[in-house]
Amino acid sequence: EGCEAVLSRQYSSSSIRDTIETILEKREQSVVGAFTTRQLVGEEPRLTDFVSRSPSMRAFMNVVQRVVESDVSLLILGETGVGKERLARAIHAEGPRYAGPFIAVNCGALPESLLESELFGHEKGSFTGATRSRRGCFEMAHKGTVFLDEIGELESHLQVKLLRVLQDREVQRVGGEAPVKVDVRIMAATNHNLEEDIQRGVFRKDLYYRLSVVSLTVPPLRER
């Protein structure tokens, strides 16, 4: 895989430690990058991608057209494989925030500790390997959209932090003291039944209502 650094006994222990921490941080970011996608110019899905002769799909897209110009939080529901993220990207591309970034995070694909840093950022020295401050997805998506896939997998204490973003439009970095204001539209998706998760006590009711200002259930492929 190649050489990351060349070390010898001539280096001080602090220099060796700093080098190793830098390598570990780069590897952590490469793991995170495998599960985090950012929209590329010229590759935006469009709502026309969902054109169908299916009556259920035509009715669904009529509802979608009414929320495209809105800036409210959006919860996209549906079975695996129905195109929830593609729909979110299309809504972003044709909505008022089209010129801003679209950042997607799979909440079920990262360990809890990495996910918290990926979403909210961290300050230098806030944990082992944090050799520099780093913005989270909400800060990087300022003036754009954050898409949270598999939102039903989010751990309880991260649900609390996400609720604050929705309520106050600010984030608290890991190890940070001052909140950071953000201007983002939040879209989330899941194939979970979140109402059942609420009854089981694994998903917050207040977060559910904040996320589902508008709720869209994508018709399954067998009905198209």
*asked:* I want to check something: taking the side chain as every heavy atom from C-beta on, are E118 and R134 in contact at a cut-off of under 4.5 Å?
replied: yes
*Go through R164 and V171 one step at a time and tell me if the side-chain contact (heavy atoms from CB on, under 4.5 Å) criterion holds.*
CA-CA 7 Å; R164 181 175 182 180; V171 297; over 6 Å; no
*asked:* I want to check something: taking the side chain as every heavy atom from C-beta on, are I186 and L162 in contact at a cut-off of under 4.5 Å?
replied: yes
*Other residues, nucleotides, ligands: >12 heavy atoms within 6.0 Å of E223 CD*: yes
*asked:* Using every non-hydrogen atom in the two residues, find where R53 and R58 come nearest and quote the distance to one decimal.
replied: O-NH1, 2.5 Å
*hydrophobic_cluster_shared for F60 and V68, side chain cutoff 4.5 Å*: yes
*Is there side-chain contact between V105 and L115, with heavy atoms separated by less than 4.5 Å?*
yes
*Which heavy-atom pair separates L77 from S215 by the least distance, and what is that distance?*
CD1-OG, 3.6 Å
*In Å and rounded to the nearest 0.5 Å, what is the NE2 to CD1 distance from H192 to I198?*
13.0 Å
*asked:* Return the CD to CG distance between E170 and D183, rounded to the nearest 0.5 Å.
replied: 13.5 Å
_How close do R185 and V67 get, counting heavy atoms only, and between which atoms?_
NH2-O, 3.5 Å
_Non-hydrogen side-chain atoms of R173 and R135 separated by less than 4.5 Å_ = yes
*Would you confirm whether H142, through its side chain, and V182, through its main-chain N or O, come within 3.5 Å as a donor-acceptor pair?*
no
_Can you tell me how far apart CD1 (I91) and CG (L87) are? Round to the nearest 0.5 Å._
4.0 Å
*So, the side chain of H92 versus the backbone of G100: is there a donor-acceptor pair under 3.5 Å, distance only?*
yes
_Test: R46 and D49 ion pair at under 4.0 Å_ = no
*Going from OG on S54 to CE on M61, what distance comes out if it is rounded to the nearest 0.5 angstrom?*
12.0 Å
*Which heavy atom of G152 sits nearest a heavy atom of T190, and at what distance?*
N-OG1, 3.9 Å
*asked:* Could you check whether K84 pairs with E79 (Lys NZ or Arg NE/NH1/NH2 to Asp/Glu carboxylate O, under 4.0 Å)?
replied: no
_Taking V51 as the starting point, is it possible to reach L47 by hopping between hydrophobic residues whose side chains are less than 4.5 Å apart?_
no
*What is the distance from atom CZ of R66 to atom CG of L216, rounded to the nearest 0.5 Å?*
10.0 Å
*Pairwise side-chain contact, E112 with H157, heavy-atom cut-off 4.5 Å (strictly under)*: yes
*Hey, does E195 have a side-chain heavy atom less than 4.5 Å from the side chain of Y208?*
yes
*When clusters are formed by joining ILVMFWY residues with side-chain heavy atoms under 4.5 Å apart, either directly or through shared neighbours, do V72 and I76 land in the same one?*
yes
*asked:* Quick check on the hydrophobic clustering: are V160 and L166 connected, directly or via other members, by side-chain heavy-atom contacts under 4.5 Å?
replied: no
*Would you sort out whether F120 and Q172 count as a side-chain contact (heavy atoms from CB on, under 4.5 Å), showing the intermediate values?*
CA-CA 6 Å; F120 305 105; Q172 188 87 24; over 6 Å; no
*What closest approach, in Å, do V202 and Q159 show between heavy atoms, and which atom pair accounts for it?*
O-NE2, 3.1 Å
_Gap separating the NZ atom of K161 from the CG atom of L154, nearest 0.5 angstrom_ = 11.0 Å
*Kindly indicate whether the side chain of N191, heavy atoms from C-beta on, has any atom under 4.5 Å from the side chain of E150.*
yes
_Heavy-atom closest pair, residues F138 and L119_ = CD1-O, 3.2 Å
_R89 side chain near F147 side chain, heavy-atom distance below 4.5 Å_ = no
